[in-house]
Amino acid sequence: MHMLSMGMLAAGIAFSPSDSTALSSLKQGDLLRVEAKTRDGMCIYQRTTDDSLFVRRPGEDTIEGLALSDLDRLELSLGPRSGSEAAQRGAIFGFLGGAAAGVVTGLIISQGADPEDFPKDVTAVAAGLGVGLAGGIIGAVIGAIHPGEA
C-alpha cells in the first residue's frame, strides 16, 4: 500500500517508494524513517537499486537490503527539532492534556459540594486552567530537554 507521493509532512519529507525520481534525490548518509513489511524505524540511507533500498541502522555497520515492493512509507528526516520549537510543542500538548484532566477532576470534586459555595462549572474551569498550566510547564521542559526529530 503506497500512501504518499513526495510531499511535506510535519515529521519530514515523505516519499512514495515507487517514486524513482524522489528516491534518486537521496544522498548516502541521509536519515530515513522506514515503514516496511520486514522492519520499521530509523535507518541511514546507503544506496538504491532498481528493486531495493539499502540502509543500515544507526550505530551499526551491517547494510541490509529492503525490497521496494515491501516498503509502505519512507520519510527523509529534516534533522533534530530546535529546542524552542520542541518546547512550544510540548507546552501546547501539555496544556491541552492537563486542561482536560483538570476539567474532569474539577467536575468530580464538585459533585458533592454545595452549588452556592462551589459551582460545578467554575470549579471545573479553575481546575482545568490550573492543571493545564502545570501540564504546559512540564510539557515545555520535557520538549526542551528531548526535542526529537523533525
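The figures that follow rest on heavy atoms only: side chains count, while hydrogens, waters and symmetry mates do not.
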Side-chain contact, heavy-atom cut-off 4.5 Å: Thr62 with Arg56? no
Is it true that atom CD of Gln46 has more than 12 heavy atoms of other residues, nucleotides or ligands lying nearer than 6.0 Å? yes
Any side-chain heavy-atom pair of Leu31 and Ile44 under 4.5 Å: yes
Gap between atom CG of Asp50 and atom CG of Leu68 - 0.5 Å precision: 9.0 Å
Neighbour count >12 (heavy atoms, 6.0 Å) for atom CZ, Phe54: yes
Of Leu74, Asp30, Val55, the residue whose pairing with Cys43 passes side chain to side chain contact (heavy atoms under 4.5 Å, CB included): Val55
Tyr45 and Leu76: same hydrophobic cluster, using ILVMFWY side-chain contacts below 4.5 Å? yes
Taken to the nearest 0.5 Å, the spacing of Thr48 OG1 from Gln28 CD works out to 10.5 Å
Please report the shortest heavy-atom distance between Val131 and Gly98, naming the atom on each side. CG1-O, 3.2 Å
Side chains of Leu53 and Leu71: does their closest heavy-atom pair fall under 4.5 Å? yes
Determine whether Leu32 and Leu66 fall in the same hydrophobic cluster, where Ile, Leu, Val, Met, Phe, Trp and Tyr are linked whenever their side-chain heavy atoms lie under 4.5 Å apart. yes
Can you find a heavy atom in the side chain of Arg33 that is under 4.5 Å from one in the side chain of Met42? yes
Closest heavy-atom contact between Ala127 and Gly102? CB-O, 3.1 Å
Going hydrophobic residue to hydrophobic residue with side-chain gaps under 4.5 angstrom, can you get from Phe95 over to Val125? yes
Single-linkage hydrophobic cluster, 4.5 Å side-chain cutoff, Val34 and Leu26 together: yes
